[in-house]
A.B. asks: 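Handing you this structure, nothing more for now.
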Amino acid sequence: MMSKKFVSWLIVLVMCSLLINTGCRPPAEDTTKLQVPPEEEKPKIVVEEEKPKVVEEEKAKIVEEEKPKVVVEEEKPAVELALKFTAQDSTTYKCTQEARRSIKWEGPSTDDNVFRGGQTSNKVEMTFTQQIQSVDDKGNAVAKITIKNFKYLSVIRDNPVVDFDSAREKDQNNPLAKLIGQSYTIEITPAGQVSKVIDVSQAQEAVKGTSPVTKTALTMLSSDIIKERHTIAAIPAMDRTKLRTGDNWSSIKSFSFGLMGSRSYERVYTLKEIKDTGSRRIAVVQMKAVPTTEMAEKLHKEQTIGDFSKMFENTDTYTGRLNLDLSSGKVENCLETVQSEWIAIEPAIGQEEEKEPAVLTMTATRIYSLEKID
């Protein structure tokens with residue numbers, strides 16, 4: 001049996017023999033091995049750094065501010081556009097009423113065809129106190145009107161015919177001076193209408209006479225003139241007293257322009273705004289009127305003079321305004337002005353020399369004004 005030492009040497013010998021035959025070269029490269037291309041560069045995943053929350057909130061706020069904002073305007077409450085009366089209350093007003101007519105001729109004239117123009121007018125200015133004697137359950141008031149001051153100017157073709165002023169000492173003996181201190185009573189509705197002339201007989205008795213000036217004084221106390229003086233046309237009817245800004249209402253008004261016929265207008269009133277002035281609230285009403293054919297047939301039947309207006313080109317301007325104190329229910333001021341103009345042009349025909357055409361312009365103006373004095 002071989003010893004363990006012998007076996008060990010035999011193993012060593014075999015190992016050395018293998019090293020001598022193969023040498024110490026590195027192993028040959030394996031050409032059959034696949035060439036692996038370098039790995040393609042992969043897209044880098046960039047993880048965005050989380051922005052502070054405050055910055056994100058500011059951006060969102062800017063975007064929100066850039067969006068168009070829809071503003072829903074709150075509907076304003078309706079106001080009561082009507083006169084209010086309190087028993088024993090007294091207010092002073094100045095009322096002015098004026099009617100003007102003018103004629104203007106432009107163009108050539110000859111010795112046998114001379115046209116003269118000019119202006120004819122009547123202007124009445126009355127200052128009066130309005131004392132409320134009683135008020136019924138519908139708000140209608142019985143008012144006593146007392147005349148404090150009075151002015152009257154009548155002009156015919158630019159020449160004054162009557163020029164009266166109760167404040168002038170030289171006019172104290174004029175028959176018109178008898179109007180000062182005279183009173184009459186009327187009934188006024190919250191809608192500004194004079195529903196009744198109750199009593200004017202005592203004042204009429206005080207100024208009666210036969211002179212032309214006396215007749216003028218009596219005219220100032222006629223029922224129709226009294227109603228015109230105290231009617232506030234800009235206040236809506238009783239069924240339309242509750243109004244909001246922008247609401248409108250209308251009424252018809254007619255005027256007679258003599259030879260130029262009568263015209264009818266639709267007055268359209270609009271509540272423009274409510275102004276706060278200190279402790280008071282003022283309603284501002286504006287009016288603009290346009291000619292209308294309503295009542296035209298009736299006016300045509302009532303016309304007693306030939307209507308020459310068809311021979312002219314016509315334009316009309318009719319405007320007005322009202323300031324009403326909603327707190328006290330009193331008129332601060334009221335104004336209405338209508339102006340109608342007629343123009344006729346006659347070309348110069350058959351003239352040897354070229355001349356300008358003849359132009360005839362006729363103008364009619366009516367003014368009503370009421371102003372609170374005290």
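Computed from a predicted model, the values in this text were never measured in an experiment.
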A.B. asks: Minimum heavy-atom separation for Ser256 and Arg366, please, with both atom names.
C.D. replies: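 Taking every non-hydrogen atom into account, O-NH2, 2.8 Å.
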A.B. asks: Taking Asp158 for its side chain and Gln119 for its backbone only, find out whether a donor-acceptor pair lies under 3.5 Å.
C.D. replies: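 Checking the backbone N and O of Gln119 against the side chain of Asp158, a donor-acceptor pair under 3.5 Å is found.
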A.B. asks: Are Leu324 and Ile373 in one and the same hydrophobic cluster, where Ile, Leu, Val, Met, Phe, Trp and Tyr link if side-chain heavy atoms are under 4.5 Å apart?
C.D. replies: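 Hydrophobic grouping puts Leu324 apart from Ile373.
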A.B. asks: Is it possible for you to say whether Leu176 and Ile226 belong to one hydrophobic cluster, with membership spreading through side-chain heavy-atom contacts below 4.5 Å?
C.D. replies: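 Same cluster: Leu176 reaches Ile226 through Ile, Leu, Val, Met, Phe, Trp or Tyr contacts under 4.5 Å.
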A.B. asks: Sort and list the pairs that fulfil salt bridge (charged side-chain N to carboxylate O under 4.0 Å, His left out) and have at least one residue in residues 222-242, not counting sequence neighbours.
C.D. replies: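 For residues 222-242: none.
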A.B. asks: Please say yes or no: joined through hydrophobic side-chain contacts below 4.5 Å, possibly via intermediate residues, are Ile147 and Val142 part of one cluster?
C.D. replies: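 Result: no, two separate clusters.
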A.B. asks: Please report the closest heavy-atom contact between Thr270 and Gly246, naming both atoms and the distance.
C.D. replies: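 The answer is CG2-O, 4.0 Å.
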A.B. asks: Between Ser250 and Glu266, what is the shortest heavy-atom contact and its length?
C.D. replies: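 Scanning both residues, the minimum pair turns out to be OG-OE2, 3.3 Å.
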A.B. asks: How would you list all residue pairs meeting salt bridge (charged side-chain N to carboxylate O under 4.0 Å, His left out) that involve residues 168-197, not counting sequence neighbours?
C.D. replies: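 Qualifying pairs, neighbours excluded: Asp163-Arg168, Arg168-Asp171.
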A.B. asks: According to the interplanar angle, ranging from 0 to 90°, do the rings of Tyr265 and Phe255 count as parallel (below 30°), tilted (30 to 60°) or perpendicular (above 60°)?
C.D. replies: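 Correct class here is perpendicular.
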A.B. asks: Going through the distances and angles, do Thr189 and Asn140 end up as a side-chain hydrogen bond (donor to acceptor under 3.5 Å, both in side chains)?
C.D. replies: CA-CA 5 Å; Thr189 71; Asn140 301 318; 4.9 Å; no
A.B. asks: Return the minimal non-hydrogen interatomic distance between Leu370 and Cys95, and the atom names on each side.
C.D. replies: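 The pair with the smallest heavy-atom distance is CD1-CB, 3.9 Å.
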A.B. asks: Within the 4.5 Å heavy-atom criterion, are Thr96 and Lys123 side-chain neighbours or not?
C.D. replies: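 Yes, their side chains come closer than 4.5 Å.
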A.B. asks: How many angstroms lie between atom CD1 of Ile345 and atom CD of Glu106, to the nearest 0.5 angstrom?
C.D. replies: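 Output value for this atom pair is 10.0 Å.
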A.B. asks: Can you list every pair that meets salt bridge (charged side-chain N to carboxylate O under 4.0 Å, His left out) and has a residue in residues 132-145, with sequence neighbours left out?
C.D. replies: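 Residue pairs with at least one partner in residues 132-145: there are none.
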A.B. asks: Can you find a pair of side-chain heavy atoms, one from Ile188 and one from Gln130, that are under 4.5 Å apart?
C.D. replies: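 A side-chain contact exists here, since the closest heavy-atom pair is under 4.5 Å.
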A.B. asks: Is Ile145 reachable from Ile225 through a run of hydrophobic residues whose side-chain heavy atoms are each under 4.5 Å from the next?
C.D. replies: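 No: no chain of side-chain contacts under 4.5 Å links Ile225 to Ile145.
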A.B. asks: Which pairs pass ring-ring contact (aromatic ring centres under 6.0 Å, His included) with one or both residues in residues 174-204, sequence neighbours excluded?
C.D. replies: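 ring-ring contact (aromatic ring centres under 6.0 Å, His included) check on residues 174-204 returns Tyr184-His230.
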A.B. asks: Find out whether Leu81 and Asp247 are in side-chain contact, i.e. whether some heavy atom of one side chain is under 4.5 Å from a heavy atom of the other.
C.D. replies: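 Counting from C-beta outward, Leu81 and Asp247 never come under 4.5 Å.
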A.B. asks: State yes or no: do Ile103 and Val161 share one hydrophobic cluster built from I, L, V, M, F, W and Y residues joined by side-chain heavy-atom distances below 4.5 Å, directly or via other members?
C.D. replies: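 Ile103 clusters together with Val161.
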A.B. asks: Atom CG of Leu360 and atom CH2 of Trp105: how far apart are they, to the nearest 0.5 Å?
C.D. replies: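 The CG atom of Leu360 sits 6.5 Å away from the CH2 atom of Trp105.
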A.B. asks: Decide yes or no for Thr86 and Ile132: does some side-chain heavy atom of the first lie under 4.5 Å from some side-chain heavy atom of the second?
C.D. replies: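 Not touching, per the 4.5 Å side-chain cut-off.
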A.B. asks: Output the distance between atom OG1 (Thr127) and atom NZ (Lys151), rounded to the nearest 0.5 Å.
C.D. replies: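 Answer for the OG1-NZ pair, Thr127 versus Lys151, is 8.0 Å.
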A.B. asks: To the nearest 0.5 Å, how far apart are CG in Leu271 and OG1 in Thr245?
C.D. replies: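 Here the interatomic distance stands at 5.0 Å.
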A.B. asks: Mind running side-chain contact (heavy atoms from CB on, under 4.5 Å) on Ser340 and Asn314 for me, showing each step along the way?
C.D. replies: CA-CA 7 Å; Ser340 191; Asn314 176 247; 3.0 Å; yes
A.B. asks: For a quick test of reading the model, state the closest non-hydrogen atom pair linking Lys372 to Val331 and the distance between them.
C.D. replies: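 Distance-wise, the nearest heavy atoms are CB-O, 3.4 Å.
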A.B. asks: State, with a plain yes or no, whether a side-chain heavy atom of Trp249 is found less than 4.5 Å away from one of Ser251.
C.D. replies: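 They are not in contact (no side-chain heavy atoms under 4.5 Å apart), so the answer is no.
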A.B. asks: Under the side-chain contact (heavy atoms from CB on, under 4.5 Å) criterion, do Leu153 and Glu98 qualify, and how do the steps go?
C.D. replies: CA-CA 9 Å; Leu153 177 62; Glu98 185 174 2; over 6 Å; no
A.B. asks: For the pair Gln172 (side chain) and Ser166 (backbone), establish whether a donor and an acceptor sit closer than 3.5 Å, ignoring hydrogens and angles.
C.D. replies: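 Yes; at least one donor-acceptor contact below 3.5 Å.
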A.B. asks: Side-chain atoms of residues 273-289: list all donor-acceptor pairs with protein atoms under 3.5 Å, sequence neighbours left out, distances to 0.1 Å.
C.D. replies:
{"from": "Arg280", "atom 1": "NH1", "to": "Glu332", "atom 2": "OE1", "distance (Å)": "3.3"}
{"from": "Arg280", "atom 1": "NH1", "to": "Glu332", "atom 2": "OE2", "distance (Å)": "3.1"}

A.B. asks: Does the pair Ile367 and Leu335 meet the rule for a side-chain contact (heavy atoms from CB on, under 4.5 Å), with working shown?
C.D. replies: CA-CA 8 Å; Ile367 299 173; Leu335 174 67; 4.0 Å; yes
A.B. asks: Step by step, would you call Ser134 with Phe85 a side-chain contact (heavy atoms from CB on, under 4.5 Å)?
C.D. replies: CA-CA 9 Å; Ser134 62; Phe85 304 106; over 6 Å; no
A.B. asks: What I'd like to find out is whether the side chain of Thr129 reaches to under 4.5 Å of the side chain of Lys148, using heavy atoms alone.
C.D. replies: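 A side-chain contact exists here, since the closest heavy-atom pair is under 4.5 Å.
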A.B. asks: Kindly indicate whether the side chain of Phe257, heavy atoms from C-beta on, has any atom under 4.5 Å from the side chain of Met362.
C.D. replies: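 No; the side chains remain at least 4.5 Å from each other.
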A.B. asks: Return a table of donor-acceptor pairs under 3.5 angstrom between the side chains of residues 206-219 and protein atoms on other chains or two or more places apart.
C.D. replies:
{"from": "Lys208", "atom 1": "NZ", "to": "Glu205", "atom 2": "OE2", "distance (Å)": "2.8"}
{"from": "Ser211", "atom 1": "OG", "to": "Thr214", "atom 2": "N", "distance (Å)": "3.2"}
{"from": "Ser211", "atom 1": "OG", "to": "Thr214", "atom 2": "OG1", "distance (Å)": "2.7"}
{"from": "Thr216", "atom 1": "OG1", "to": "Pro212", "atom 2": "O", "distance (Å)": "3.2"}
{"from": "Thr219", "atom 1": "OG1", "to": "Lys215", "atom 2": "O", "distance (Å)": "2.8"}

A.B. asks: Looking at Gln133, I want to see if its CD is surrounded by more than 12 non-hydrogen atoms of other residues, nucleotides or ligands under 6.0 Å.
C.D. replies: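 Check passes, neighbour count above 12.
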A.B. asks: Do Thr91 and Lys330 get their side chains close enough for a donor-acceptor pair, meaning under 3.5 Å?
C.D. replies: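 Yes - a donor-acceptor pair under 3.5 Å links their side chains.
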A.B. asks: Please name the pair of heavy atoms, one in Ala87 and one in Val135, separated by the smallest distance, quoted to 0.1 Å.
C.D. replies: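 Shortest heavy-atom contact: N-CG2, 4.1 Å.
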A.B. asks: Does Asp199 offer a backbone N or O that forms a donor-acceptor pair with the side chain of Thr185 under 3.5 Å?
C.D. replies: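 Side chain of Thr185 to backbone of Asp199, a donor-acceptor pair under 3.5 Å: yes, one is there.
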A.B. asks: Walk me through it: do Lys253 and Glu336 pass the test salt bridge (charged side-chain N to carboxylate O under 4.0 Å, His left out)?
C.D. replies: CA-CA 11 Å; Lys253 176 68 174 177; Glu336 291 197 1; over 6 Å; no
A.B. asks: Rounded to the nearest 0.5 Å, what separates atom OG in Ser223 from atom CD1 in Ile198?
C.D. replies: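 Result: 11.5 Å between the selected atoms.
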A.B. asks: Heavy-atom distance under 4.5 Å between the side chains of Pro236 and Tyr269, does that happen here?
C.D. replies: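 No, too far: nothing below the 4.5 Å cut-off.
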A.B. asks: Say you draw a straight line from OG1 of Thr146 to CZ of Phe128; how long is it, rounded to the nearest 0.5 Å?
C.D. replies: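 The CZ atom of Phe128 is 10.5 Å from OG1 of Thr146, to the nearest 0.5 Å.
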